[in-house]
Amino acid sequence: MAFGFRPTETSGAGYQTGGFVEVPINPDNVAVDIFNGECVTYTTAKGIDRLTNPVSNAATTAGVLVGARWVDSNSSPKWGQMYDGAAGNTEIFAFVAPVRDTIFRVQGSAAYAAAQVGVSYDTSGTSGSTTTGNSDLQFTNGTVGTHPPCTLVGILSDGVNDTSATPILLVRFVNGAIQDILS
């Protein structure tokens with residue numbers, strides 16, 4: 001089962017933050033679910049938005065959602081692995097792992113081969129599970145795309161994952177410009 005991107009290693013991550021930052025979610029898009037492991041973009045005047053297609057928007061990927069906090073319509077504070085996008089939410093903040101200097105783990109869509117290391121691939125998936133809160137994004141190792149957002153840097157090697165048809169892979173995002181805003 002896909003789970004989107006998970007931060008695995010961050011250069012200079014402090015123990016007090018876990019390597020993520022807290023950023024407001026765009027108030028124009030508060031009724032949109034954002035799943036854990038989904039890519040997000042950042043606008044200085046507005047905040048975080050769900051990035052529905054990291055492939056065609058690779059240059060604007062600011063980070064990956066790792067959780068959220070908000071106040072619901074009953075004035076109750078909420079924290080979640082995902083942001084639920086319910087109408088009436090206020091004080092909405094995303095916890096984001098910036099893509100710059102971060103290696104993420106993500107489920108691959110094909111068996112791993114050592115020749116895939118160093119190659120950039122696309123992602124697939126457009127939603128997530130409201131039950132688990134996880135994104136359905138996968139890394140399409142084996143099919144090089146037109147605007148690949150991530151480069152394969154390795155595999156979580158445990159003797160079983162190495163031969164899996166859908167292995168857990170280690171990837172790094174290709175572009176690193178907009179991430180500087182969040183870092």
| task | Could you please spell out the steps behind the side-chain contact (heavy atoms from CB on, under 4.5 Å) verdict for D33 and T130? | result | CA-CA 9 Å; D33 291 344; T130 55; 4.1 Å; yes
| message | Could you walk me through whether N141 and L169 satisfy the side-chain contact (heavy atoms from CB on, under 4.5 Å) test, starting with their C-alpha distance in whole Å, then the side-chain angles of each, then the deciding distance to 0.1 Å, before giving a yes or no? | response | CA-CA 9 Å; N141 60 309; L169 303 170; 3.6 Å; yes
| request: Report yes or no: do F93 and V96 belong to one cluster of Ile/Leu/Val/Met/Phe/Trp/Tyr joined by side chain heavy-atom distances under 4.5 Å? | output: no
| Nearest heavy-atom neighbours spanning G63 and V99 | CA-CG1, 3.6 Å
| query | Counting distance only, does the side-chain N/O of T43 pair as donor-acceptor with the main-chain N or O of K46 below 3.5 Å? | reply | no
| said: When you measure from the side chain of N74 to the backbone of S76, do you find a donor-acceptor pair of N or O atoms at a distance under 3.5 Å? | reply: no
| query | Between F5 and F139, is the gap from one ring center to the other below 6.0 Å? | reply | no
| Between R69 and E22, is there a side-chain N and carboxylate O pair less than 4.0 Å apart? | yes
| request: Working to the nearest 0.5 Å, report the span between SG of C39 and CG of D49. | output: 13.5 Å
| Check: Y83 ring centroid to W70 ring centroid under 6.0 Å | yes
| Between P167 and I155, is any pair of side-chain heavy atoms under 4.5 Å apart? | yes
| query | Between atom CD of Q107 and atom OG1 of T166, what is the distance when rounded to the nearest 0.5 Å? | reply | 4.5 Å
| Do the side chains of L170 and L156 get nearer than 4.5 Å, heavy atoms only? | yes
| said: When you compare the side chain of T90 with that of V71, does any pair of heavy atoms fall below 4.5 Å? | reply: yes
| N/O donor-acceptor pair under 3.5 Å between N89 side chain and A86 backbone | yes
| said: With no hydrogens and no angle check, just 3.5 Å: does a side-chain donor-acceptor pair link D162 and S157? | reply: yes
| field | Over all atoms of both residues, closest heavy-atom pair of S129 and T132 | value | OG-N, 3.1 Å
| query | Are any side-chain N or O atoms of Q116 and backbone N or O atoms of L152, one a donor and one an acceptor, separated by less than 3.5 Å? | reply | no
| query | Between CD1 of I34 and OG of S135, what distance do you get to the nearest 0.5 Å? | reply | 11.5 Å
| Are the side chain of N29 and the backbone N or O of N26 linked by a donor-acceptor pair below 3.5 Å? | no
| Distance from Q138 atom CD to D136 atom CG, nearest 0.5 Å? | 7.5 Å
| said: Quick one, V23 with I48, criterion side-chain contact (heavy atoms from CB on, under 4.5 Å). Give me CA distance, side-chain angles, the key distance, then yes/no. | reply: CA-CA 7 Å; V23 185; I48 291 297; 3.7 Å; yes
| query | Does the side chain of F104 reach to within under 4.5 Å of the side chain of V64, using non-hydrogen atoms? | reply | yes
| query | Would you call T102 and R172 a side-chain contact if the rule is heavy atoms closer than 4.5 Å? | reply | no
| task | Report the C-alpha distance between T151 and V171 in whole Å, list the side-chain angles of each, state the deciding distance to 0.1 Å, and finish with yes or no for side-chain contact (heavy atoms from CB on, under 4.5 Å). | result | CA-CA 5 Å; T151 301; V171 301; over 6 Å; no
| message | If hydrophobic residues (ILVMFWY) are linked whenever their side-chain heavy atoms come closer than 4.5 Å, directly or via other members, who joins F35 in its cluster? | response | M82
